[in-house]
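Excluded from the calculations below are hydrogen atoms, water molecules and symmetry mates; all remaining heavy atoms, backbone and side chain alike, are included. This is a predicted model, so every value here is computed, not measured. All residue numbers refer to positions in the sequence shown, counting from 1.
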Amino acid sequence: HLECCVPEVSSPIQRYDHYYPGGIARAEYIQTLGTLFGSEQALMSFPYDSFLWDIAENETTYPEDITVPFLLIGGWFDINIEDVWHNWNLLTASSPVADLHKIVIGPWVHGGAGPAHVGSLQQGDLEYPEAEHYNEERALDMFDYYLRDIANGYANDNPIEVFDLGTKNWWEGTQQEYDQLVALHIYNVFTTDSTVSNASQLASTPTLTYSYDPSDPSPAVGGHVLSLEQGPLDQVPEVLSRTDQVPFNLKIAYDGPIRGSIKVKLWASTDQLDTDIIVRLCQEQGDGKIVEICSKGQRMRFLEGMTEAAEEFLAPDEKYLVTISLPPIELTPNYDDLWLVVSSSEYPHFNRNMNNGLEMYPDLNPDSLFQPIVAMNSLHSSTSYPSTIELPMDGSIWSVNDIDSPDLFGLFPNPAKNEVTLAASGQVEELRIYGSDGKLVLHRFPSQSTFTISIKDLSAGHYTVQSQIDGIWTARPLLVIQ
């Protein structure tokens, strides 16, 4: 009978979001599954979230039936990384042997196309000798312990091991330790000194516009794909050389890991009835390459939900808040080596939007070119429409701005109730507080370096405090409690 199990880069759970993240079909993935298993038409028959997807998910979710120890092995560049984490959370919450399960997440792809595979030295354009064959080592440790009765201490090993893509070191610990290292920090995307060269230009550059032509989509180069070459491939020659995207260089004055899912909130508009917003998170290497770490998108007709009833076409040039949660990562940045690249396609990773508001998948084809229209899409940032990025990070509160010092101001106490004191290194010329929904809730011109703000009218929750000190904008998160 079964004694233990080591599923690699896999999950049995069938979810709508797995095949249609943000309401967009994973075109090449679904086509590959069709070639391998004949499932393409079945998957394409249900492009909306519905009770049928609920049934499929319920029928393939059974953590309470897992009664032997599992060692889940996943990869940060794997197509199933979100599902592996989802499965881990279910097992540790509902399995009868929850305390016996372990998880290892390395710098690995799914495998099956190209030379890279789980545990190989080469992953895309990069090499990770610190993780080579580590999946096999941990699997053998488990088998030795449970199947050969070797007292190797496996049962006492920490349940979580994750590889940091920045430091290229392994972190291990308990679930409680993992969770304690995460705190949410929110920053304004447009103040990252890239397309907008510095914060002072925000007033003159509140909108960035690019075109999207479905007949000439931005290509998928590496990333979380199945039939294409997988993993961290250089985006400079084929993606960043194009004009149909907006790159932001994130300058993060912070000494610790980004841990979990980055959430990007962009105010966007288009001149068409529908379009997509695609976000790639990339990391610059020492040799000048900028490789993709992960990506995801949002079909804008589904901003109110993925069901057919929630589908709503856009009013041309009206501003909409687009929220995209990227796949989870573990990555300690090196100040300015992270890039956020915003476009409207990553083809054929994602189905290309025709922008016309018509049927998305004629003849159940995940890759059709049907009456395409060129869209002019815009990203916005202003007091009323702040485009932000939420980073799950540990440690002190730092900024994602082009600044030399992370110590421009502090908030005390934090968390706070009724009032909070701001102490700055210089005179605070302007102060803004934004809610977690991106709305401005407080705006002041203090002209002081130390002062107290009343927050008794703010609801409990996460806020972002932005201040301008000597012409430099920076930000701190604030937790309000009641």
Side-chain angles (χ1 to χ4, degrees), residues 7-61 75 77-84 86-87 109-114 116-117 214-231 274-276 278 294-302 305-308 311 327 344-372:
E8 279 199 343
V9 292
S10 65
S11 171
I13 303 172
Q14 301 295 301
R15 302 192 297 165
Y16 173 81
D17 290 344
H18 179 71
Y19 299 100
Y20 293 91
I24 311 172
R26 296 171 73 173
E28 64 85 26
Y29 176 54
I30 292 175
Q31 287 178 316
T32 304
L33 294 180
T35 301
L36 296 174
F37 308 113
S39 55
E40 179 178 324
Q41 285 214 333
L43 292 171
M44 294 306 302
S45 295
F46 304 99
Y48 299 95
D49 198 2
S50 69
F51 74 94
L52 294 172
W53 281 108
D54 293 338
I55 293 173
E57 183 171 350
N58 290 335
E59 289 295 317
T60 55
T61 304
F77 307 117
D78 172 37
I79 56 174
N80 291 323
I81 180 59
E82 291 177 279
D83 297 277
V84 171
H86 180 64
N87 205 24
V109 300
H110 186 80
H117 56 83
S215 301
D216 182 26
S218 179
V221 179
H224 294 62
V225 292
L226 183 58
S227 63
L228 309 175
E229 187 174 358
Q230 306 166 12
D274 188 26
T275 197
D276 293 343
I278 307 293
C294 61
S295 67
K296 194 179 273 190
Q298 174 66 49
R299 185 146 291 177
M300 290 185 68
R301 67 169 72 186
F302 292 128
M306 310 300 175
T307 65
E308 191 167 6
E311 181 181 40
S344 289
S345 61
E346 189 180 9
Y347 173 81
H349 182 187
F350 298 114
N351 164 266
R352 44 188 166 171
N353 197 323
M354 297 297 105
N355 302 322
N356 55 26
L358 301 176
E359 185 179 0
M360 293 182 290
Y361 311 107
D363 302 321
L364 304 183
N365 186 349
D367 181 26
S368 59
L369 190 64
F370 178 67
Q371 298 183 23

K.L.:
Please check if any side-chain donor atom of Asn351 sits under 3.5 Å from a side-chain acceptor atom of Tyr20, or the reverse.
P.N.:
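Their side chains do not contain a donor-acceptor pair, so the 3.5 Å distance test is not met.
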K.L.:
Measuring only between side-chain heavy atoms, which start at C-beta, is Asn87 closer than 4.5 Å to Pro12?
P.N.:
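They are in side-chain contact.
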K.L.:
Side chains of Thr60 and Gln14: donor-acceptor distance under 3.5 Å anywhere?
P.N.:
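There is no such pair between these side chains.
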K.L.:
Is there a donor in the side chain of Tyr16 and an acceptor in the side chain of Glu57, or the other way round, less than 3.5 Å apart?
P.N.:
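There is no such pair (donor and acceptor under 3.5 Å, judged by atom type) between the side chains of Tyr16 and Glu57.
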K.L.:
Are the side chains of Ser345 and Asp276 in contact, using a 4.5 Å heavy-atom criterion?
P.N.:
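No. Closest side-chain heavy atoms not under 4.5 Å.
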K.L.:
Are any non-hydrogen side-chain atoms of His349 and Ile278 less than 4.5 angstrom apart?
P.N.:
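A side-chain contact under 4.5 Å is absent here.
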K.L.:
Quick one, Cys294 and His224 - any side-chain contact, counting heavy atoms below 4.5 Å?
P.N.:
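A side-chain contact under 4.5 Å exists here.
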K.L.:
How far apart are the closest heavy atoms of Gly297 and Ile24, and which atoms are they?
P.N.:
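Where Gly297 meets Ile24 most closely, the heavy atoms are C-CD1, 3.8 Å.
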K.L.:
Should the pair Tyr29 and His18 be assigned to parallel (<30°), tilted (30 to 60°) or perpendicular (>60°) ring geometry?
P.N.:
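Perpendicular.
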K.L.:
Might you point out which heavy atoms bring Phe302 and Gly22 nearest each other, and give the distance in Å?
P.N.:
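So the two residues come closest at CD1-O, 4.4 Å.
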K.L.:
Would Arg15 and Glu82 pass as an ion pair if we require N to O under 4.0 Å?
P.N.:
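Salt bridge between Arg15 and Glu82, a charged N being under 4.0 Å from a carboxylate O: no.
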K.L.:
Do Gln230 and Asp78 have side-chain heavy atoms sitting under 4.5 Å apart?
P.N.:
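No, too far: nothing below the 4.5 Å cut-off.
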K.L.:
Once you round to the nearest 0.5 Å, how far does CG of Leu364 lie from CD of Glu359?
P.N.:
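Interatomic distance, Leu364 CG to Glu359 CD, rounded to 0.5 Å: 8.0 Å.
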K.L.:
Tell me the closest heavy-atom pair linking Pro366 and Gln31, and the distance in Å.
P.N.:
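It is CG-CG, 3.5 Å.
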K.L.:
Quick check: closest heavy atoms across Phe350 and Ser295, and the distance to 0.1 Å?
P.N.:
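Answer, listing the atom of Phe350 first, then Ser295: CE1-OG, 4.0 Å.
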K.L.:
Would you mind reporting whether Leu226 and Glu28 have side-chain heavy atoms less than 4.5 Å apart?
P.N.:
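They are in contact (side-chain heavy atoms under 4.5 Å apart), so the answer is yes.
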K.L.:
Where is the tightest heavy-atom contact between Ala220 and Pro348, given as atom of each residue plus distance?
P.N.:
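Residues Ala220 and Pro348, closest heavy atoms: CB-N, 4.1 Å.
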K.L.:
Taking Pro214's backbone N and O only, do any of them form a donor-acceptor pair with Arg352's side chain (distance below 3.5 Å, no angle check)?
P.N.:
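A pair under 3.5 Å: yes.
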K.L.:
Is any side-chain heavy atom of Met306 closer than 4.5 Å to a side-chain heavy atom of Arg299?
P.N.:
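Of all side-chain heavy-atom pairs linking Arg299 with Met306, none is under 4.5 Å.
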K.L.:
Under 3.5 Å, side chain of Asn80 to main-chain N/O of Val9, donor-acceptor pair present?
P.N.:
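A pair under 3.5 Å: yes.
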K.L.:
Do Tyr19 and Leu33 touch side chain to side chain, with heavy atoms closer than 4.5 Å?
P.N.:
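Sidechains of Leu33 and Tyr19: in contact.
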K.L.:
Could you check whether any side-chain N or O of Asn356 sits under 3.5 Å from a backbone N or O of Gln371, counting only pairs where one atom can act as donor and the other as acceptor?
P.N.:
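Checking the backbone N and O of Gln371 against the side chain of Asn356, a donor-acceptor pair under 3.5 Å is found.
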K.L.:
Under the 3.5 angstrom rule, does the side chain of Ser218 hit a backbone N or O of Glu346 as a donor-acceptor pair?
P.N.:
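Between the backbone of Glu346 and the side chain of Ser218 there is no qualifying donor-acceptor contact (under 3.5 Å).
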K.L.:
Give the minimum heavy-atom separation between Ser368 and Met354, together with the two atoms involved.
P.N.:
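Heavy atoms of Ser368 and Met354 come nearest at O-CE, 3.5 Å.
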K.L.:
Can you tell me how far CG of Asn353 sits from OG1 of Thr275, rounded to the nearest 0.5 angstrom?
P.N.:
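If we round to the nearest 0.5 Å, Thr275:OG1 and Asn353:CG are 5.5 Å apart.
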K.L.:
Per the side chain to side chain donor-acceptor pair (under 3.5 Å) rule, what does the pair list look like for residues 40-54, sequence neighbours excluded?
P.N.:
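Of all non-adjacent pairs touching residues 40-54, those that pass side chain to side chain donor-acceptor pair (under 3.5 Å) are Tyr48-Glu311.
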